[in-house]
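Just so you know, these numbers come straight off a predicted model, no measurement behind them.
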Amino acid sequence: MKNKILECGNSTNTIEVINLNFDVDLLTITISIDGDKIDIIFEEPAGFRVLDEGDLLEFWPECSLQAGWLHEIISGGWFDLESKRNGFSSCGNSEITEYLVVGVNYCVSILGWEKPSIQQSTR
């Protein structure tokens, strides 16, 4: 797998995905970093999935919390896995970028059209 680290935190043990909100136009993922809440916002995502970090062992150690909490997956990730299915119509779409938000217990894979925005959460 090949990835690019987009965001790192100072703490590797207290980063947690605590909320997801999806309303067709926006996917907002709220994470907690040492008690501070941050929103990662994807406009009109092509898709997303939430899995326990233990179900993503093929991503480690490149995408572990020790490396960072937001990764751009360049190859070998969920998009490539889905591309093996005959029914995956987005296969080969070079405009879609895969991202991975890593938490202590849950991870979120996102197929997005644009880079996410990151801001302090109002939750």
Side-chain angles (χ1 to χ4, degrees):
M1 190 216 355
K2 186 176 178 185
N3 72 303
K4 180 169 118 180
I5 299 166
L6 300 179
E7 292 288 338
C8 299
N10 293 331
S11 172
T12 59
N13 294 321
T14 58
I15 298 172
E16 186 59 85
V17 174
I18 58 171
N19 193 341
L20 269 85
N21 186 36
F22 175 65
D23 69 2
V24 178
D25 291 327
L26 294 175
L27 169 64
T28 303
I29 303 164
T30 304
I31 62 170
S32 174
I33 302 177
D34 295 329
D36 291 329
K37 295 178 183 176
I38 295 172
D39 288 336
I40 307 152
I41 302 165
F42 292 87
E43 293 189 28
E44 299 177 356
F48 65 94
R49 71 176 183 175
V50 180
L51 291 172
D52 183 277
E53 88 288 350
D55 290 324
L56 296 170
L57 295 177
E58 71 271 18
F59 285 80
W60 314 133
E62 292 90 354
C63 291
S64 68
L65 279 175
Q66 287 75 23
W69 55 264
L70 178 60
H71 302 262
E72 180 179 328
I73 307 301
I74 299 180
S75 64
W78 179 41
F79 184 84
D80 287 351
L81 180 65
E82 289 295 323
S83 294
K84 294 177 183 175
R85 290 190 307 106
N86 290 334
F88 187 57
S89 62
S90 295
C91 177
N93 189 330
S94 62
E95 294 181 28
I96 294 177
T97 302
E98 180 179 349
Y99 300 92
L100 180 66
V101 176
V102 179
V104 172
N105 290 305
Y106 292 100
C107 299
V108 186
S109 297
I110 305 96
L111 302 179
W113 302 105
E114 298 178 18
K115 196 171 189 174
S117 63
I118 300 170
Q119 62 189 38
Q120 196 69 29
S121 181
T122 58
R123 295 187 188 275

| Matching residue for Thr30 among Thr122, Asp39, Asn19 - test: side chain to side chain donor-acceptor pair (under 3.5 Å) | Asp39
| task | For atom CZ of Phe79, decide whether the heavy atoms of other residues, nucleotides or ligands shown that lie under 6.0 angstrom number more than 12. | result | yes
| said: Please tell me whether Ile41 and Leu27 are part of a single hydrophobic cluster in this structure, the criterion being side-chain heavy atoms less than 4.5 Å apart. | reply: no
| message | Between Tyr99 and Phe42, does the ring pair (Phe, Tyr, Trp, His ring centres under 6.0 Å) criterion hold? Intermediate values first, please. | response | CA-CA 10 Å; Tyr99 300 92; Phe42 292 87; 5.4 Å; yes
| request: Nearest 0.5 Å please: distance from the CD1 atom of Ile31 over to the CD1 atom of Ile38. | output: 5.0 Å
| query | Is a donor on one side and an acceptor on the other found under 3.5 Å between the side chain of Glu16 and the backbone of Asn105? | reply | yes
| message | Would you compute the distance between atom CZ of Phe48 and atom CG of Leu20 and round it to the nearest 0.5 angstrom? | response | 6.0 Å
| message | Tell me whether Leu6 shares a hydrophobic cluster with Val17, the cluster being built from Ile, Leu, Val, Met, Phe, Trp, Tyr side chains joined at under 4.5 Å. | response | yes
| said: A quick test of your reading: do over 12 heavy atoms of other residues, nucleotides or ligands sit less than 6.0 Å from CD of Gln120? | reply: yes
| Does the side chain of Glu72 come within less than 4.5 Å of Thr97's, by heavy atoms? | yes
| task | Taking Glu7 for its side chain and Leu70 for its backbone only, find out whether a donor-acceptor pair lies under 3.5 Å. | result | no
| Do you reckon Met1 sits in the same ILVMFWY cluster as Val101, going by side-chain contacts under 4.5 Å, direct or chained? | yes
| In terms of hydrophobic clusters joined by side-chain contacts under 4.5 Å, are Leu100 and Trp78 together? | no
| query | Mind checking whether Leu81 and Leu51 sit in one hydrophobic cluster, side chains of I, L, V, M, F, W, Y counted as touching below 4.5 Å? | reply | no
Under 3.5 Å, sequence neighbours excluded: what are the donor-acceptor pairs made by side chains of residues 109-119?
| unit_1 | atom_1 | unit_2 | atom_2 | d |
| --- | --- | --- | --- | --- |
| Ser109 | OG | Arg49 | NE | 3.3 |
| Trp113 | NE1 | Glu44 | O | 3.3 |

| field | Separation between OG of Ser121 and CD1 of Ile29, rounded to the nearest 0.5 Å | value | 12.5 Å
